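Taking it in order: structure first as structure tokens, then the write-up.
Everything numeric in this text was worked out from a predicted model, so none of it was measured.
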Amino acid sequence: MLRTHTCGQLRKSDVGTEVTLCGWVESKRDHGGAVFIDLRDRYGLTQVVIGPPEAGSELIDEAGRVPAESVILIRGKVTDRLEGKINEKLATGEIEVRSVHFEVLNACETPPFTPSQSDLPGEDLRLKYRFLDLRRGEMQRAMFLRSKIVKSMRDYFEKHEFIDVETPILGRSTPEGARDYLVPSRVHPTSFYALPQSPQLYKQILMVAGFDRYVQVAKCFRDEDLRADRQPEFTQLDVEMSFVDADDVMGLIDGLVAESAKTVLGKEVSTPLPRMTYSEAMRRFGSDAPDLRFGMEIVDVTAVAKKTEFRVFRGTADSGGFVRGIAVKDAATKYSRRQIDELTEYVKGDFGAKGLAWFRVEDDGTLWSPISKNFDPEHLAEIKTLLEGEPGDLLMFLADTWEVTCKGLAGLRKRLAGELGLIDKDALHCSWVTEFPMFDRDEESGRWVAMHHPFTAPLPSDLPLLEEDPQDCRAQAYDLVINGSEAGGGTVRIHDPATQSKVFDLLGIDEETADDRFGFLLNALKYGAPPHGGIALGIDRWVMLFAGLENIREVIAFPKTQKAADLMTEAPGQVDKDQLAELQLRTVKAKKD
RNA sequence: GGCGCGGUAGCUCAAUUGGUUAGAGCCCCGGACUGUCGAUCCGGAGGUUGCGGGUUCGAGUCCCGUCCGCGUCGCCA
């Protein structure tokens, strides 16, 4: 080792020791006759003094010239700081190192920004110079937290006798689900591999192979548009187990959540984690990943709406729609008409709502609103009672289809809670949402599509519904929700060919297509397939949520921008004509409409 | 693909209704200084206002197009 100690290591007890330190010049205070340097590495900061009597003027001058963020090596003696010069902010603040040797290992060019500057530079610059950005304390902490979380997961599964098996990155495209990233094959011109969206099919086959309990930290790829909590390339903790039901999988993950929260954050999470069915979640929160750190539950007032003369409510209720609302506590004076207009634009623009109805609960307990004259006082009183409105509350309603009221109110609920500061940032609220529907209607084609994936097993009690009423058929599916974010999801899989072909039938996948796309899995299922199920946990999101961050890029070393580019390496990039020729590919510019 | 926010010095930001030579702090460069830890003091350099077009006597500011970054809806089995 070039160094004897790290920059976070030295204490009062080391005074008198000769040490060699290496690190980055975090800051430099040059007094002409003496220079102070804060030397930084991942472990901490140590003050180095280059001055008389032990340093000559040549050394002092050299230290005075060293640019910030250069990597240097210094040798010297650990000494007590002078009376009253102790820096309480530093763990090493009681000592300093008086340098007798000073060496620049790599001088730093003037950097576009420094890790210690208080104004964070724009994110594009941070991404282009990620090596500088990753030197920042926040990024370092996030990466170490990530490492600890992954280790806690690996420890947990090893303790439970899981085997870690790697599955291929070059696989075969399955047009179901998200868009695939494709990789052309040189050896098979005109054929393509696909990067895995998840190791789903491989892990099921590992169950058929008898591994019983499988785990993998798996890179997954989906060529879809990005969000604050979504990257095209992400990491899953992928799990599969044989001879289990949904309870078994959830129970195992309950233990993981509790143990990981405890070892990584020192937080107690009581288990079993609360569970809620999908239909309850949609009814009470309008979302399949409800944020349970605050209340503001959705209330259905369709029955009252039917009795009123207000056309928007009445018309919606009479034509099979829903009128649902939320009570926003103490918000009546906090939201001006203008701000409510903004909320109206929000639900219209983002969720396709036709409008936003609202009432203020006045001091005398009556409801007031620009539309209140359209209502009988007794109906207003009923609405107030249903929402448990109290003076000062703001009641907001959407009159629309079930889907729009769900999405719109869930959006409002989240936005208002954020704006009103109702969310406890320290809370780690974990829960399960269960019994998802098996199928969803595709708006365009009107066909059934699998809500999760086509290998998801229905609830045994709902098996008859596969034929009678697919709409109501529920799946043995479960999502782990942390602070209103989907942190993982899994299902019990179909392991008998009869059910599988019924599901394919419903999805409009004929035998030939099924065989072409998933033949290898269907084949395996015929050769002694145990009942099995599993789950995939989004590691990036876990880290983000455990860290209390709101952006997934903050916990990924080299993330991509919203347009899926890497600003540092400038991927994706052009390739040589020769490379294309070898792959027998030619690029064609798409015609613009 | 839709909607919204943003792009001005190396960095973070400012610039009145469209009006003189586009400013400040940090960074950088030069000088002074032995106790700083956001060092201090003196001096200096640094700009095609993302790019292209238009309106105007005059555009950082208004209009159109385009690129880039961010948020969000669609999308994400």
Side-chain angles (χ1 to χ4, degrees), chain A residues 26-38 45-53 55 57 60 64-65 67-69 81-90 92-93 96 98 109-114 116-129 132 174-180 197-198 200-201 220-232 234 342 345-352 407-408 411 414-415 436 438-440 442-444 448-456 475 477 486 489 491 503 507 509 517-518 538 550-551 553 561-563 565 567 593:
Chain A
E26 164 114 346
S27 75
K28 184 182 70 184
R29 295 171 292 281
D30 183 359
H31 291 248
V35 180
F36 299 86
I37 286 175
D38 287 339
L45 220 59
T46 298
Q47 172 159 286
V48 178
V49 187
I50 304 99
S57 61
I60 296 169
R65 282 193 306 269
E69 292 305 311
R81 291 212 183 178
L82 299 181
E83 278 289 316
K85 300 296 182 187
I86 285 169
N87 187 341
E88 309 276 356
K89 290 182 217 158
L90 289 183
T92 61
E96 60 196 12
R98 300 200 62 98
E109 285 187 19
T110 303
F113 63 92
T114 58
S116 56
Q117 76 184 48
S118 52
D119 290 319
L120 200 60
E123 192 164 2
D124 41 356
L125 202 69
R126 291 178 53 205
L127 290 173
K128 180 168 179 187
Y129 292 90
L132 295 179
T174 53
E176 300 280 314
R179 279 187 204 92
D180 284 320
Q197 297 180 26
S198 97
Q200 182 59 39
L201 303 182
C220 304
F221 308 85
R222 291 175 193 177
D223 186 6
E224 295 293 344
D225 286 350
L226 283 70
R227 289 286 186 281
D229 63 352
R230 222 160 72 192
Q231 283 274 305
F234 59 100
E342 266 178 51
E345 289 311 307
Y346 168 60
V347 290
K348 280 178 166 177
D350 273 12
F351 306 109
K407 286 182 181 177
K414 196 169 157 189
R415 175 168 169 165
F436 279 68
M438 282 285 286
F439 310 104
D440 205 3
D442 179 49
E443 301 262 329
E444 281 168 35
W448 293 112
V449 292
M451 192 136 174
H452 197 76
H453 58 59
F455 317 107
T456 301
E486 182 194 331
T491 65
V503 170
L507 296 173
I509 301 173
R517 291 183 192 167
F518 324 110
E550 288 181 358
N551 197 300
R553 294 186 300 276
T561 66
Q562 201 167 68
K563 296 198 77 176
L567 297 182
D593 298 322

Exercise. Out of curiosity, A:D442 CG to A:L507 CG, how far, rounded to the nearest 0.5 Å?
Worked result: 11.5 Å
Seminar exercise, completed: Side-chain atoms of A:F351 come closest, of B:C73, B:G69, B:G71, to B:C73
Exercise. Considering only side-chain heavy atoms of A:T110, which listed nucleotide, B:G69, B:C28, B:G2, is closest?
Worked result: B:C28
Exercise. Separation of A:D119 atom CG from B:C11 atom P, in whole Å?
Worked result: 13 Å
Exercise. Can you tell me if CD on A:E550 sees more than 12 non-hydrogen neighbours from other groups inside 6.0 Å?
Worked result: no
Exercise. Is A:R222 side chain donor-acceptor paired with the B:C76 base, going by distance under 3.5 Å alone?
Worked result: no
Problem set entry | Spacing between A:M451 atom CE and B:C75 atom C1', to the nearest angstrom | 14 Å
Exercise. Could you give the distance from OG1 (A:T174) to CD (A:Q197), rounded to the nearest 0.5 Å?
Worked result: 5.5 Å
Exercise. What interatomic distance, in whole Å, is found between C1' of B:U16 and the corresponding atom of B:C29?
Worked result: 35 Å
Exercise. Is there a side-chain polar atom (N or O) of A:T561 under 4.0 Å from OP1 or OP2 of B:G69?
Worked result: yes
For this session: Nearest whole angstrom, please: distance from the P of B:G4 to the NZ of A:K348.
Result: 14 Å
Problem set entry | Inter-nucleotide C1' distance (B:A22, B:U8), Å rounded | 8 Å
Exercise. Looking at the side chain of A:D225, which of B:C28, B:C70, B:G74 is the nearest nucleotide?
Worked result: B:G74
For this session: Could you tell me whether A:Q117 contacts a base, only the sugar-phosphate backbone, or nothing, with contacts defined as non-hydrogen atoms closer than 4.0 Å?
Result: sugar-phosphate
For this session: Starting from C1' on B:C73, measure out to CD on A:E345 and report it in whole angstrom.
Result: 14 Å
Exercise. Rounded to the nearest 0.5 Å, what separation is found between the CG atom of A:L201 and the CZ atom of A:R517?
Worked result: 12.5 Å
Problem set entry | Rounded P spacing from B:U36 to B:G10 in Å | 34 Å
Problem set entry | Interatomic spacing from CD in A:E345 to CG in A:D350 - rounded to 0.5 Å | 10.5 Å
Exercise. Distance between the P atoms of B:C42 and B:C33, in whole angstroms?
Worked result: 16 Å
Problem set entry | Given RNA chain B, 5'-ward residue of the pair A:E123 and A:R179, judged by closest heavy atom | A:E123
Exercise. Are A:R553 and A:E123 close enough for a salt bridge, meaning some N to O gap below 4.0 Å?
Worked result: yes
For this session: Hunt down the Watson-Crick or G-U wobble partner of B:A9, both distances under 3.5 Å, from any strand shown, or write none.
Result: none
Problem set entry | Salt-bridge criterion met for A:D30 and A:R65 (N-O under 4.0 Å) | no
Exercise. Contact class for A:G122 vs. all strands (heavy atom < 4.0 Å): base, sugar-phosphate, or nothing?
Worked result: sugar-phosphate
Problem set entry | Pairwise C1' distance, B:G65 and B:U55 [rounded to whole Å] | 15 Å
Exercise. Given atom CG of A:D124 and atom C1' of B:C70, what is their separation to the nearest angstrom?
Worked result: 9 Å
Exercise. Taking for each residue the nucleotide of RNA chain B with the nearest heavy atom, is it A:Q197 or A:A228 whose nucleotide lies nearer the 5' end?
Worked result: A:A228
For this session: For B:U61 and B:A15, measure between their C1' atoms and round to the nearest Å.
Result: 9 Å
Exercise. A:Q562 side chain N/O closer than 4.0 Å to the phosphate oxygens (OP1, OP2) of B:G71?
Worked result: yes
Exercise. Mind checking the C1' distance from B:C26 to B:A14? Whole angstroms is fine.
Worked result: 15 Å
Problem set entry | Value in whole Å for how far the P atom of B:C13 lies from CZ of A:F113 | 14 Å
Exercise. Across all strands shown, which nucleotide pairs with B:C3 by Watson-Crick or G-U wobble geometry, both distances under 3.5 Å?
Worked result: B:G71
For this session: Provide, to the nearest angstrom, the distance between the CZ atom belonging to A:R126 and the P atom belonging to B:G7.
Result: 19 Å
For this session: Please report, rounded to the nearest Å, how far the P atom of B:G69 is from the OH atom of A:Y129.
Result: 16 Å
Exercise. When the C1' atoms of B:U66 and B:A9 are considered, how many whole Å apart are they?
Worked result: 25 Å
For this session: Just call it for A:T114: base, sugar-phosphate, or nothing, with non-hydrogen atoms closer than 4.0 Å on any strand.
Result: nothing
Problem set entry | Nucleotide forming a Watson-Crick or wobble pair with B:U36, both distances under 3.5 Å | none
Exercise. Using a cut-off of less than 4.0 Å, is there contact between a side-chain N or O of A:R227 and OP1 or OP2 of B:C70?
Worked result: no
Problem set entry | Distance below 4.0 Å between A:K407 side-chain N/O and B:G74 OP1 or OP2 | yes
Exercise. What one-letter contact string describes nucleotides 35-41 of chain B from 5' to 3', where B marks a base within less than 4.0 Å of any protein heavy atom, S marks contact via sugar-phosphate atoms alone, and - marks no contact?
Worked result: BBBSB--
Exercise. Can you name the salt bridge (Lys or Arg N to Asp or Glu O under 4.0 Å) partners of A:R126, sequence neighbours left out?
Worked result: A:D133, A:E554
Exercise. A:L120 near the nucleic acid: base, sugar-phosphate alone, or nothing, with a heavy-atom cut-off under 4.0 Å?
Worked result: sugar-phosphate
Problem set entry | Positive for side chain to side chain donor-acceptor pair (under 3.5 Å) with A:Q47, one of A:R98, A:K85, A:R29 | A:R29
For this session: Verify, without hydrogens or angle tests, whether A:K28 (side chain) and A:P67 (backbone) share a donor-acceptor contact under 3.5 angstrom.
Result: no
